[in-house]
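First the proteins, then the strands, lettered A, B, ... as listed; each starts at 1. Values in this document were obtained by computation on a predicted structure and should not be read as measured data.
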2 protein chains.
Amino acid sequence: MPAIPSGALGALDPTSDRAVFRQIADQLRDAIDKGRFSEGDKLPSETELVEHYGVSRMTVRNSLSVLQGEGLVFSEHGKGVFVRPRPPVRRLASDRFARRHREQGKSAFTVEADAAGSHPTVDSLEIKEERPTQDIATRLGGPRRVLARHRRYLLDGRPVEFATSYLPLDIARGTQIAEPNPGPGGIYARLEELGHRLDHFEEEIRARMPAPHEVRSLRLAAGVPVIHLIRTAYDTEGRAVEVCDTVMAADAYVLAYQLPAT
Amino acid sequence: MPAIPSGALGALDPTSDRAVFRQIADQLRDAIDKGRFSEGDKLPSETELVEHYGVSRMTVRNSLSVLQGEGLVFSEHGKGVFVRPRPPVRRLASDRFARRHREQGKSAFTVEADAAGSHPTVDSLEIKEERPTQDIATRLGGPRRVLARHRRYLLDGRPVEFATSYLPLDIARGTQIAEPNPGPGGIYARLEELGHRLDHFEEEIRARMPAPHEVRSLRLAAGVPVIHLIRTAYDTEGRAVEVCDTVMAADAYVLAYQLPAT
DNA sequence: GAGGCAAACTCGTATAGACGAGTAGGTGGG
DNA sequence: CCCACCTACTCGTCTATACGAGTTTGCCTC
């Protein structure tokens, strides 16, 4: 039984000065790109690759770890190494916080997920009064203490993002914003009810590799970066009334913005 | 001479079921986070770590490769392993293509870089007529052939992004847009002169690990993701007149957007 | 037939050793 | 004084081996 699909993988070039493990990684990557292994498919086992190429197992593992680092494959202990499927991505539109989307009753996350036919969950809700970090304090205009709302979002059981909202205590203390359920329309609706009519948002976007706690919290596979989004909400008086710090699994999102050409 | 700063690294916990190479990675990560090694500092050599922990060299290398994958350190053959410095980031504001920024003579990239005191270069300029990919064709409304402008941007000699603009041939052929130097204000200025008054842009943002050719082209260190940005420019008649596909080194950028709360 | 158990397979971790190749510093000769 | 070379040190690549732990399969027993 040809465990390796015939023709899927070639031979090594001993005259090349490219390292053997890189050549093997190249061939596997190429085979994946060309569709000879498709999403979810099991790659040949380490033992099979060892026999096919006539190299030691550590060399094969080195090749596979290259592909893992590129986010192309993932491994499961006892099962094998598989081509990483691209999960369905959630598209975040730049008007997702527009007032008109707030009229209904549910949160932006829930509405979107329902529309996409997936099952949304919110998790690890924690609400505390804290001393803000220097960065958060600066963005909020320097309050000594803030209300922090930590939460994690899951789609169909998969964690996809976690976020913390920071609000100046003088705005949020004692209001429904400090409650686990902020009510219909979320905290932006409550802020407007409290007289802070929202004017605009500023979002900063970075991408980087996750810290270990982010890998755990989002159950990230190797080779999956995170998108780090920091949003500041300003009211019509120019005051920053909320900062939301969000970390998203990069393979689950595409962010979409519409910009005027003015 | 204590090659390892005293107290910087602790001992292994043999009772822990956490793998030895992970424990070592944890301690190094912790030491970096706590500033016991700062940006650019050389970590203890593999040999020193081997002696300090009493493990084999492959185990130490495994630890270091974990940190490389996280983007925390990089290695230089013959020199050592170093804490990766965070390079200065370029902030891309969402109004960077506003008409008012186009009045001067220079391109957006050049203006920004000069303002930041860095030396900008454009590179690998290539202009071709091509058959568009399915995706590009769809975004542009289905033209059979397009003009493609490939280019790479460098700051102080470091490549930071490469981009390709696609324009329908019926718009761009024979105009200055098809020339290596598109003239003052860039191709958006030319498009408006040609009667395509720009109305708005749509930008899609993804983050992922780079493909091998992207690693080469941007000289990316291990553990640095890329930001993939696809911008479509629409004229006042609702026609998509340009698609720009950009890949950026994620450690060199922060994207900033301003959104109305409407 | 159902359950349990063992074998065979998978990847994970770790050791010990070898050689190669790039770098830096010192030492000697010109 | 400067250059060339040698040496010591660095990380890069690769082999061979061993055992552990999770999964799957199939057989054997009841």
Could you check whether any side-chain N or O of A:Arg149 sits under 3.5 Å from a backbone N or O of A:Pro180, counting only pairs where one atom can act as donor and the other as acceptor?
yes
Enclosure of B:Arg158 CZ (heavy-atom neighbours >12, cutoff 6.0 Å)
yes
Mark yes or no for whether A:Arg139, through its side chain, and A:Val243, through its backbone, hold a donor-acceptor pair below 3.5 Å.
no
Any A:Thr47 side-chain nitrogen or oxygen under 4.0 Å from OP1 or OP2 of C:dT10:
yes
Short side-chain to backbone donor-acceptor contact, B:Ser75 and B:Val81, under 3.5 Å
no
Distance, rounded to the nearest Å, where A:Asn62 contributes CG and D:dC11 contributes P:
16 Å
Take atom CD of B:Glu76 and atom C1' of C:dA21, then tell me their distance rounded to the nearest Å.
15 Å
Take the protein atom CE of A:Met58 and the nucleotide atom P of C:dT13, then report the distance between them rounded to whole Å.
11 Å
Ranking A:Arg18 and A:Lys79 by the position along DNA chain D of their nearest nucleotide, the one closer to 5' is A:Arg18
Does OP1 or OP2 of C:dA14 have a side-chain N or O of B:Ser56 closer than 4.0 Å?
no
Rounded to whole Å, how long is the line connecting atom CZ of B:Phe74 with atom P of D:dT10?
17 Å
Can you find a side chain N or O atom of A:Thr59 that sits less than 4.0 Å from OP1 or OP2 on D:dT13?
no
I'd like to know if B:Arg22 reaches the base of C:dG12 with its side chain, counting only an N/O donor and acceptor under 3.5 Å.
no
I need the single residue from B:Gln23, B:Glu48, B:Gln27 that forms a side-chain hydrogen bond (donor to acceptor under 3.5 Å, both in side chains) with B:Tyr53. Which is it?
B:Gln27
Quick one: which of D:dG12, C:dG12, D:dC14 gets closest to the side chain of A:Val20?
D:dC14
In whole angstrom, what separates A:Lys42's NZ from D:dT23's P?
15 Å
Can you check the A:Arg57 CZ to D:dT13 C1' distance for me, whole Å?
18 Å
Does C:dG12 have OP1 or OP2 sitting under 4.0 Å from an N or O in the side chain of A:Ser75?
yes
I need the CG-P distance between B:Asp17 and C:dA14, as an integer number of Å.
11 Å
Where the side chain of A:Phe21 is defined as all heavy atoms beyond and including C-beta, which of C:dC11, D:dT13, C:dG20 is the nearest nucleotide?
D:dT13
Roughly how many Å is it from CZ in B:Arg61 to P in C:dT13, rounded to a whole number?
17 Å
